[in-house]
**Q** 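The following block contains the structure, expressed as structure tokens.
Bear in mind the structure is a predicted one, so any value in this text is a computation, not a measurement.
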Amino acid sequence: MPYAKDYKDFCASFCSQIIKTENFLKSFLDLFSPGDRVAVLIIPDPDAIASAMAAQFLCIARGISCDIIFLSETKRLDNKKMIEILNTDYILFSQADLSLYDKFIMTDGQPSHNAISENIHFSAVIDHHPVKGNIEADFTDIRPDYSANSVIMAEYLMALGEKIPINIITALYYGIVTDTDRYRRLKISRHAYVIGYLTEYADLEALRVIESEEIPYPTLKIFAKALETCSLFDETAIVFLNDEEIEFAVTIADFLLRVAGVTISIVAALKDGLLKITMRSVRKWIDIGILAETVGFGRGGGHAYAARVDIPVKDLPEEYRNLDRSTCEKFILDNILSCVVKKTF
């Protein structure tokens with residue numbers, strides 16, 4: 001049973017965080033003026049989508065025009081269902097005219113995470129990933145100790161003190177659920193207050209619909225085909241996908257961790273001249289995010305339990321450029337799993 005002092009420390013920490021968030025919120029809102037056109041740029045997943053919806057609401061609540069722009073198209077079933085059920089309006093980057101906007105925000109990500117966003121000056125970056133490189137933005141709120149970016153954005157909205165639309169509350173709840181693997185990856189106990197608030201007001205029926213999305217039969221066949229490529233190296237499962245299957249990389253990586261004896265899953269695929277590697281781990285002594293950053297030839301990063309690396313094929317050593325299944329497995333064994341064995345990260 002916790003000591004009374006632990007409870008007092010918890011309360012003091014929580015009160016301190018409320019004050020900190022109120023100050024951050026004021027600094028964030030002071031960035032914008034009536035008449036500004038603002039765009040929130042994200043790499044779409046539930047946490048990022050929810051965070052963008054919250055940032056958009058903060059802007060609109062102050063009379064500022066704001067659009068959500070997806071840096072990439074999302075084909076994952078849960079993302080598409082979330083967007084449909086929660087009425088999320090967005091514009092694809094390929095169809096957006098950036099000259100229409102005065103200021104840019106990035107949530108649940110950093111400019112260095114995507115080559116497209118590196119050339120954009122951001123007014124604000126709000127994220128929960130470890131800081132990578134120098135972030136040149138007018139305002140930054142980076143909290144690597146937070147389990148989900150949706151927790152940060154929920155605190156912002158609670159500090160705003162205005163009625164929050166139920167679709168945004170539901171989105172933030174779902175963003176936390178997905179990024180924490182249903183709270184199993186929660187890092188900070190005071191997140192419980194935010195989760196309790198969102199749970200009370202979220203549309204749980206809408207969440208049930210989002211999470212119970214049926215898998216179309218053609219998708220089942222794609223899963224079966226992908227899993228046929230699965231190889232097991234000690235406790236690591238490796239799957240190689242073609243470009244049509246890449247949208248299922250995250251789902252397959254998560255699924256592989258349910259296989260008995262598998263503690264690391266790696267899903268690799270080729271797309272648009274890039275070798276895209278998605279990684280998951282349940283080994284507590286391995287930080288997959290740091291491991292992703294140490295892989296040469298490309299850009300990578302993430303969390304201790306989930307990360308991704310994008311490597312231009314042209315930057316690979318000659319011996320790996322013919323990236324069929326066997327060559328891809330060799331690259332992973334030589335440049336990723338070797339680091340795990342040697343503990344060089």
Side-chain angles (χ1 to χ4, degrees), residues 7 10-11 13-26 28-29 38 40 42 44-64 66-68 74 76-90 105 107-108 124 126-128 141 143 145-213:
Y7 178 70
F10 166 80
C11 293
S13 173
F14 181 73
C15 292
S16 173
Q17 186 57 49
I18 290 175
I19 296 172
K20 180 180 178 181
T21 298
E22 288 176 344
N23 292 332
F24 270 134
L25 176 61
K26 182 180 185 305
F28 173 78
L29 293 175
V38 179
V40 187
I42 61 169
D45 67 20
D47 192 26
I49 294 169
S51 297
M53 292 172 67
Q56 183 185 49
F57 175 76
L58 288 170
C59 289
I60 293 175
R62 289 296 177 264
I64 301 161
C66 184
D67 293 326
I68 298 173
T74 181
R76 286 178 52 184
L77 297 175
D78 56 345
N79 290 357
K80 293 171 72 174
K81 202 65 179 178
M82 175 185 182
I83 291 166
E84 175 189 345
I85 296 295
L86 301 182
N87 299 315
T88 308
D89 291 325
Y90 69 94
I105 302 168
T107 59
D108 193 34
I126 304 174
D127 187 29
H128 73 124
D141 184 0
R143 308 186 197 180
D145 58 331
Y146 271 49
S147 307
N149 206 69
S150 291
V151 178
I152 303 175
M153 300 310 300
E155 288 186 354
Y156 273 48
L157 293 182
M158 293 164 74
L160 186 67
E162 297 186 9
K163 184 176 180 180
I164 309 169
I166 191 170
N167 65 322
I168 296 178
I169 291 178
T170 306
L172 291 169
Y173 179 93
Y174 186 58
I176 296 171
V177 165
T178 57
D179 242 42
T180 63
D181 190 17
R182 294 193 173 277
Y183 313 132
R184 285 188 283 267
R185 297 168 181 161
L186 277 177
K187 297 178 183 178
I188 304 176
S189 56
R190 66 171 175 266
H191 287 178
Y193 175 80
V194 174
I195 293 169
Y197 174 84
L198 297 175
T199 302
E200 183 173 355
Y201 296 105
D203 185 343
L204 300 182
E205 178 60 24
L207 286 168
R208 186 193 65 78
V209 175
I210 293 170
E211 294 182 316
S212 64
E213 172 67 359

**Q** Under a 4.5 Å cut-off applied to non-hydrogen side-chain atoms, are Asp179 and His128 in contact?
**A** yes
**Q** Do Val209 and Glu205 come within less than 4.5 Å of each other through their side chains, counting heavy atoms only?
**A** yes
**Q** What distance do Phe57 atom CZ and Asn167 atom CG have between them, rounded to the nearest 0.5 Å?
**A** 9.5 Å
**Q** Minimum heavy-atom separation for Ser147 to Thr180, with atom names?
**A** CB-CG2, 3.6 Å
**Q** Nearest 0.5 Å please: distance from the CD1 atom of Ile169 over to the CD atom of Glu200.
**A** 9.5 Å
**Q** How far apart are the closest heavy atoms of Ser150 and Ile176, and which atoms are they?
**A** CB-CG1, 3.6 Å
**Q** Using 0.5 Å steps for rounding, measure from the CD atom of Gln56 to the CG atom of Asp89.
**A** 7.0 Å
**Q** Given side chains that start at C-beta, do those of Asp141 and Tyr156 come closer than 4.5 Å, heavy atoms only?
**A** yes
**Q** Any Lys/Arg nitrogen of Glu162 or Arg62 sitting under 4.0 Å from an Asp/Glu carboxylate oxygen of the other?
**A** yes
**Q** Which heavy atom in Ala52 sits nearest to a heavy atom in Thr107, and how many Å separate them?
**A** N-OG1, 3.6 Å
**Q** Between Ile49 and Thr74, is the side chain to side chain contact (heavy atoms under 4.5 Å, CB included) condition met? List the steps.
**A** CA-CA 11 Å; Ile49 294 169; Thr74 181; 5.5 Å; no
**Q** Write down the atom of Ala154, the atom of Val194, and the distance for their closest heavy-atom approach.
**A** CB-CG1, 3.5 Å
**Q** To the nearest 0.5 Å, what is the distance between CD1 (Ile126) and CG (Leu58)?
**A** 7.5 Å
**Q** Could you verify whether a donor N or O on one side chain and an acceptor N or O on the other, from Ser51 and Asp108, lie under 3.5 Å apart?
**A** no
**Q** Roughly how far, to the nearest 0.5 Å, is the CD1 atom of Ile152 from the CG atom of Asp127?
**A** 7.0 Å
**Q** Between Leu160 and Leu29, is there a side-chain heavy-atom distance shorter than 4.5 Å?
**A** yes
**Q** Within the structure provided, determine whether Leu207 and Val177 are in side-chain contact (heavy-atom separation under 4.5 Å).
**A** no
**Q** Quick one: closest heavy-atom pair of Asp47 and Asn149, and the distance?
**A** OD2-N, 2.9 Å
**Q** With sequence neighbours excluded, tell me which residues meet side chain to side chain contact (heavy atoms under 4.5 Å, CB included) with Ala124.
**A** Phe28, Leu31, Ile105, Phe139
**Q** Over all heavy atoms of both residues, which pair between Leu86 and Ala206 is shortest? Give the atoms and the distance, please.
**A** CD2-CB, 4.5 Å
**Q** How far does OG1 of Thr88 sit from CE of Met53, to the nearest 0.5 angstrom?
**A** 4.0 Å
